2 protein chains.
Amino acid sequence: MQQKRVGVVLAGCGYLDGAEITEAVLTLYFLERAGLQPRCFAPDRPQMHVVDHLTGEPTGETRNILVESARIARGKVEPLDRARMEELDALVLPGGFGVAKNLSDFAVRGPEADVDTELVRLVGEALSRGKPLVAICISPAILAAVLRKLGIGGARLTIGDDAGTAAALTALGARHEACTVDRAVVDERLRIVSTPAYMLGPGPRDVGAGIEQAIATLAGWLREATGAV
Amino acid sequence: MQQKRVGVVLAGCGYLDGAEITEAVLTLYFLERAGLQPRCFAPDRPQMHVVDHLTGEPTGETRNILVESARIARGKVEPLDRARMEELDALVLPGGFGVAKNLSDFAVRGPEADVDTELVRLVGEALSRGKPLVAICISPAILAAVLRKLGIGGARLTIGDDAGTAAALTALGARHEACTVDRAVVDERLRIVSTPAYMLGPGPRDVGAGIEQAIATLAGWLREATGAV
């Protein structure tokens, strides 16, 4: 039986300007442990900015999202515009500010955000083919913006319990459900599972528990689809 | 009961010029899961170089080891020269080329390598106090260089099965034992556990199995030391 292939969209390398590293690594770890084969993708263009993760201040440097994502993926990352859902069985969006800065402009515009056109296309392909989605940390907010663009309302999503971000999700037409860090919220209709991760934290153990549960839900859906993973 | 504190030495962020990210993250994850409290440290100086992880080529950029390590540690990383084994119960060295480029010059000089003087001091403090050490991936080779400097021979260590690196360990006075990626080699006398990780690979699941076993051995030693973790 061929392994199921799961696209993982990375947004750089570092929670303040790219992908949240722990979330991305634990996603890849739990996917492999569930017998699923991750395939990483990232946009090939400059990050919105580069942040010094010791001070929290922008540095003025320029870095490329795909090249920095390659640090997490050990070089095995492809440009996002090459991703096709016909070659993938599911899609995972780890979090980090990069999702709100590099995959969208949610960090600047909130519920009025524009989202990367390739990501909109990819999520649309997944939904139209009934392929499941996992959204981690802040990604459910960006996913809500995509769903609005696609005219799909009422998705059950969580970003934990942050009132402002939850309000943005609601403004985008999704239904926010509060959730603890070690759990995940499941939308069975759309086949979307989301978990708060570092929207709540505090550390790898708790963040990992939620991601593990989200990936287990995904693996269950993929088993259902074929009788086995 | 106060949590045991475990120092984790990072060498940047990315396996070609810094810490191996998956190894570092899974170290922090398994430490927390074992009820241990990680405390990250890294040298505050420029990396040997910066490598584009997509092409494998040096970029000519300058990056600071401590600042890049902060991406993995979400800002919670201290300069290596502030680490004191009297404040820590154990020490973990994840791998990545950064260990051989930034914490030592093993990448250039092999068994003739010099090692960061603060790392030599810290390992010496650990050994003289009987505090355990975990060395992952290429780190056992650098640890062998430190042990030679400290006049300690015969340590049982593994870097997997790479003949050249194993020969360097032997040249440094250690005893190399071949080991699969999902296992760890234990030196009960010196309380050092090592696991090959990405010296063998191929991915997070297998690398994680070895790191999980190494951290379980560490947690066992720390429980012994006090009757509980």
Side-chain angles (χ1 to χ4, degrees), chain A residues 12-38 42 44 50-57 59 61-79 96 198 201-209 211-212, chain B residues 12-38 42 44 50-57 59 61-79 96 198 201-209 211-212:
Chain A
C13 179
Y15 82 110
L16 293 174
D17 57 17
E20 210 299 316
I21 292 174
T22 300
E23 292 170 7
V25 167
L26 291 178
T27 292
L28 300 175
Y29 172 70
F30 288 120
L31 284 173
E32 278 204 354
R33 275 197 36 181
L36 304 169
Q37 187 185 332
D44 184 7
V50 177
V51 176
D52 179 321
H53 279 59
L54 209 54
T55 64
E57 297 299 321
T59 66
E61 288 165 271
T62 303
R63 297 187 188 179
N64 177 291
I65 306 166
L66 181 66
V67 169
E68 294 309 311
S69 297
R71 293 179 174 271
I72 294 173
R74 292 175 59 90
K76 290 183 186 158
V77 57
E78 302 163 69
Y198 275 108
R205 180 192 52 204
D206 300 300
V207 163
I211 294 174
E212 184 171 17
Chain B
C13 179
Y15 82 109
L16 293 175
D17 58 17
E20 210 299 316
I21 292 173
T22 300
E23 292 170 7
V25 167
L26 291 178
T27 292
L28 300 174
Y29 172 69
F30 288 118
L31 284 174
E32 277 203 356
R33 275 197 35 182
L36 304 169
Q37 187 186 333
D44 184 7
V50 177
V51 176
D52 179 321
H53 279 58
L54 210 52
T55 64
E57 298 298 322
T59 66
E61 288 166 90
T62 303
R63 298 186 187 180
N64 176 291
I65 307 166
L66 181 67
V67 170
E68 295 308 311
S69 298
R71 294 179 174 272
I72 294 172
R74 292 175 60 89
K76 290 182 187 159
V77 58
E78 302 163 67
Y198 274 109
R205 179 192 52 203
D206 299 299
V207 163
I211 295 173
E212 185 171 16

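Note that the structure is predicted; figures quoted are calculated from it, not measured. Here is the naming used below: chain letters follow the sequence lines, and residue numbers restart at 1 for every chain.
- At distances below 3.5 Å, at least one donor-acceptor pair connects side-chain atoms of A:Arg71 with backbone N or O atoms of B:Cys13.
- Within the 4.5 angstrom heavy-atom criterion, no atom of A:Asn64 approaches chain B.
- The distance from the OG1 atom of B:Thr22 to the CG atom of A:Leu28 is 7.0 Å, given to the nearest 0.5 Å.
- Interatomic distance, A:Arg205 CZ to B:Leu31 CG, rounded to the nearest 0.5 Å: 11.5 Å.
- How far NE2 of B:His53 is from CG of A:Leu66: 13.0 Å, rounded to the nearest 0.5 Å.
- When all heavy atoms of B:Ile21 and A:Ile21 are compared, the pair lying nearest together is CG2-CG2, 3.3 Å.
- In this structure, the portion of A:Val51 lying under 4.5 Å from any heavy atom of chain B is its backbone and not its side chain.
- Annotation: the span from B:Tyr29 atom OH to A:Asp206 atom CG amounts to 10.0 Å, rounded to 0.5 Å.
- Here A:Glu20 is the residue among A:Glu61, A:Glu20, A:Lys76 with the most heavy-atom pairs under 4.5 Å with chain B.
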